[in-house]
Engineer: 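This is the structure I have questions about; it appears just below.
One is the number of the first residue; the rest follow in order along the sequence. Indexing begins at 1, ligand by ligand and atom by atom, following the structure's order.
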Amino acid sequence: MVKSMSKKFNEFIQGDSGDLSINRLTEIPNINSPQPPGDISTWFLGTRAENGAEFKELIGKAVDHIIEYRQTYLPDDPETITPEVKSSPEHRAGMGALTDAYNKLLEYLREYATPYFSMRYQGHVLWDTTLPGMLGYFATMLHNPNQLTIQMSTATTLLELLVGKDLCAMVGFPSNNEIEPWSHITAGGSIAIIEAVWATREMKFFPFAAREALKIEPALLKARNIEVPIVDGSHPKLLEATSWQLFNIRQDDILTLPQRIWDLCGESEELQDVYSVWDLLLKRSLNGRGWSAMSRTCFQDVGDLKMITSSTKHYTWPKAMASLGMGTDNEIDLYVDADARMDMKKLEEALAECLENRNPVLLTAAVLGSVEESAVDPLESILELRETYRKKGLEFNIHVDAAWGGYLMSMIRRDYKFAEQNSPLFIDDFSRVPCNEHTLRQLQRIRECDSATIDPHKMGYIPYPAGGNLYRNGQLKNLTIYAGSYIGATQSIRPQEPSVAIYGLEGSKPGARAAAVFLSHQVIRPSVSGYGKIVSQSMFNTKLFCLRLLLMATEQDNFIMVPLPRLKIEREGSNGDKESYLATLRSSLYGKTQDEILADPEAMAMFREIGCDENILCYAFNFKRQDGSINDDPELFFKLTDLVYDRFHVHYYEDGKAEDIHKYRFFLTSTIFQKSDYGPTFIENYAKRLGLSKTPDSIKVLRSIVMDPCVSDLPDGGSFFDEIIETLRSNVTEIIEQNFR
Ligand SMILES: *Cc1c(COP(=O)(O)O)cnc(C)c1O
């Protein structure tokens with residue numbers, strides 16, 4: 001039964017079969033569909049709850065559904081809350097207490113909860129969640145499925161497998177007879193990253209596990225002469241290879257070792273199938289033997305194992321190094337360039353040094369993109385450099401941390417069906433995509449990397465928690481299987497009941513979050529006609545906002561405003577006149593509607609290069625002194641940023657109470673760039689543009705996250721940004737008058 005079920009299921013998720021029969025279930029909802037009708041106006045509740053009536057009805061359906069489900073499941077079973085119980089005073093008092101407490105919670109939320117859905121909210125990495133996301137979550141939560149085992153999540157494990165498939169298809173990981181990608185939903189990007197680093201670590205040491213197993217397992221005798229392909233082109237025998245060589249084998253070659261050993265050994269009393277070979281190797285893995293035993297045999301002629309990241313990496317990366325025992329000292333943190341992208345010269349130097357000192361490199365993490373500077377690392381150059389270093393004998397994985405930016409894929413991802421394996425992945429013409437060329441080029445290369453983090457609860461607009469861990473080669477997941485027999489699973493890669501939980505760090509995990517992503521992906525496909533519309537609009541709006549910030553300060557104002565992203569002419573290093581460039585921006589773009597900009601190819605080309613790589617914007621004010629010169633004192637600049645930030649974030653008092661949230665007219669965040677983290681290029685460049693005399697050790701900026709796809713699209717043709725800009729202007733003007741004049 002189990003066997004035929006997984007076979008059928010596998011067929012289903014491969015797209016070969018349109019439906020699935022499990023017992024009575026004849027069909028499960030299908031994600032294998034083109035984009036259904038709908039747009040931004042149907043996908044959200046609305047800033048002013050404009051779709052409130054529809055939402056209420058749809059949520060009501062879930063409540064009706066759960067009542068009906070309970071009433072019709074074996075209806076002859078006894079009722080325990082009888083009419084007598086229900087009419088008793090105790091029962092009524094209890095219900096009254098529940099209602100009181102509930103009302104108080106609702107009142108409390110009304111008072112204190114962040115209005116994250118508002119046009120005025122640019123604070124943190126969230127905005128409104130999709131209607132299908134909320135509905136999928138709510139309806140499924142009423143069933144409380146736990147993805148730990150399919151026995152507790154008969155419906156939702158399948159949904160998570162489908163969603164995983166969909167995420168892989170969004171980035172375009174190739175799927176063929178040899179390599180099948182895999183992905184699952186996690187509690188968030190942090191967990192997804194730690195899982196991916198864990199699996200990659202196990203993979204890196206897997207040749208050593210194979211070596212141990214070959215040495216001591218009589219069953220593997222016939223494979224003792226097996227050779228391994230080293231990236232430098234040599235093919236030593238596994239048992240004779242040096243540690244350095246074993247550390248420098250490609251992931252895909254490592255993951256075929258069990259199959260190759262099985263092919264050589266064949267069936268015997270100890271070996272029934274290739275899974276028995278996996279079992280023997282996994283027993284000798286780093287997970288099995290632990291660091292001390294492993295290092296005695298692996299690190300004789302090599303230095304410490306390194307991981308490479310850049311300044312803009314999320315703080316989970318050192319956490320991954322720490323929790324996996326690799327040590328934060330072994331993280332090589334590269335400085336960034338003036339656009340906050342990984343400095344390729346620094347990467348080259350780091351790799352050369354690793355090669356020279358024989359430090360194996362686990363992986364290089366590319367950020368796509370960062371949630372502070374909104375920068376996308378140059379993935380294409382990293383891939384290229386890897387090819388160069390492979391020839392020199394150094395191998396490493398590439399992980400794309402697209403926790404934030406992954407859904408940008410949908411702006412260029414053609415509408416698709418799973419069945420269309422060979423159709424082109426990307427749209428032909430990017431000229432109307434409101435995103436710079438750099439980012440679009442990197443997005444197209446994610447599919448060549450080894451693993452990725454893409455969080456539905458970030459730019460997928462899904463309610464928390466929903467992160468995504470993606471492997472280009474799904475075999476990677478086999479290296480981190482843990483299961484208890486009571487969940488009906490075994491700690492083996494032998495086919496068993498479909499599961500999404502045995503491969504990850506988490507234990508119990510909600511099926512509701514998988515259903516949320518599932519329903520949202522079904523209604524809003526992660527391609528140009530679906531998520532592409534939302535994400536493009538949010539990018540468009542970020543650029544409009546950036547344009548307004550660029551043109552905000554006039555001669556009369558007592559401040560200057562400097563967005564962190566450089567102008568195109570500054571990026572290109574041309575010494576073109578900044579003022580005349582801004583004047584061109586003003587005349588070509590300012591005050592134009594979206595349709596007007598889109599209709600004018602030249603204006604659109606200029607517009608696409610405004611701002612940063614994604615939809616987050618850092619910026620800062622500096623003040624003019626009485627004589628009109630610009631303040632050059634970093635301390636005073638810092639003070640100004642603090643005072644501005646102070647007006648736009650929620651304050652907490654010592655008694656634990658927050659200030660009245662309803663009085664805030666605009667929400668943003670602030671962040672600090674330390675020179676020690678980012679390196680001199682980035683800091684010096686920005687300090688200079690801000691007019692600061694000496695380069696400070698750090699720069700404090702304001703940060704807006706523009707996820708709102710509606711903010712610039714008001715019915716009167718106007719933009720809500722004008723209101724936001726005016727709010728900023730009046731506050732900043734006043735702060736400067738009061739404090740610096
Ligand atoms: C948000 C984010 C993370 C962490 O994800 P969580 O869901 O907060 O755990 C990691 N990396 C990047 C680039 C992110 O944007």
Engineer: Could you measure the distance from the NZ atom of K509 to the NE2 atom of H184? Nearest 0.5 Å is fine.
Structural biologist: 5.0 Å

Engineer: Considering only heavy atoms, does I193 approach ligand 1 within less than 4.0 Å through its side chain, its backbone, both, or neither?
Structural biologist: side chain

Engineer: Looking at D337 and K345, is there a salt bridge between them, counting it only when a charged N and a carboxylate O are closer than 4.0 Å?
Structural biologist: no

Engineer: As a check for students: among A466, S190, A187, identify the option with a heavy atom nearest to atom 8 (O) of ligand 1.
Structural biologist: S190

Engineer: Between D455 and ligand 1, is there a nitrogen or oxygen pair with a distance under 3.5 Å?
Structural biologist: yes

Engineer: How far is atom 13 (C) of ligand 1 from its nearest protein heavy atom, and which residue and atom is that?
Structural biologist: D401 OD2, 3.3 Å

Engineer: So, regarding G189 and ligand 1 (criterion: nitrogen or oxygen to nitrogen or oxygen, under 3.5 Å), is there a contact or not?
Structural biologist: yes

Engineer: What about the rings of F667 and Y116, do their centers lie closer together than 6.0 Å?
Structural biologist: no

Engineer: Return the residue, atom name and 0.1 Å-rounded distance of the protein heavy atom closest to atom 15 (O) of ligand 1.
Structural biologist: K458 NZ, 2.8 Å

Engineer: Under 4.0 Å from a heavy atom of V371: give me the atoms of ligand 1 that qualify, with their elements.
Structural biologist: 15 (O)

Engineer: Salt-bridged, E437 to R608, with N to O below 4.0 Å?
Structural biologist: yes

Engineer: Considering only heavy atoms of A403, which atoms of ligand 1 have at least one such atom less than 4.0 Å away?
Structural biologist: 2 (C), 3 (C), 10 (C), 11 (N), 12 (C), 14 (C), 15 (O)

Engineer: Describe, in one word, how the ring planes of Y112 and Y108 are oriented to each other, choosing from parallel (under 30°), tilted (30 to 60°) and perpendicular (over 60°).
Structural biologist: tilted

Engineer: Using distance alone, determine whether H314 and ligand 1 share an N or O pair under 3.5 Å.
Structural biologist: no

Engineer: Evaluate the ring planes of F540 and F607, with Trp represented by its six-membered ring, and classify them as parallel (under 30°), tilted (30 to 60°) or perpendicular (over 60°).
Structural biologist: tilted

Engineer: Specify whether F545 and F666 have parallel, tilted or perpendicular ring planes, treating 30° as the upper limit for parallel and 60° as the lower limit for perpendicular.
Structural biologist: perpendicular

Engineer: Report yes or no: does H457 have a heavy atom closer than 4.0 Å to ligand 1?
Structural biologist: yes

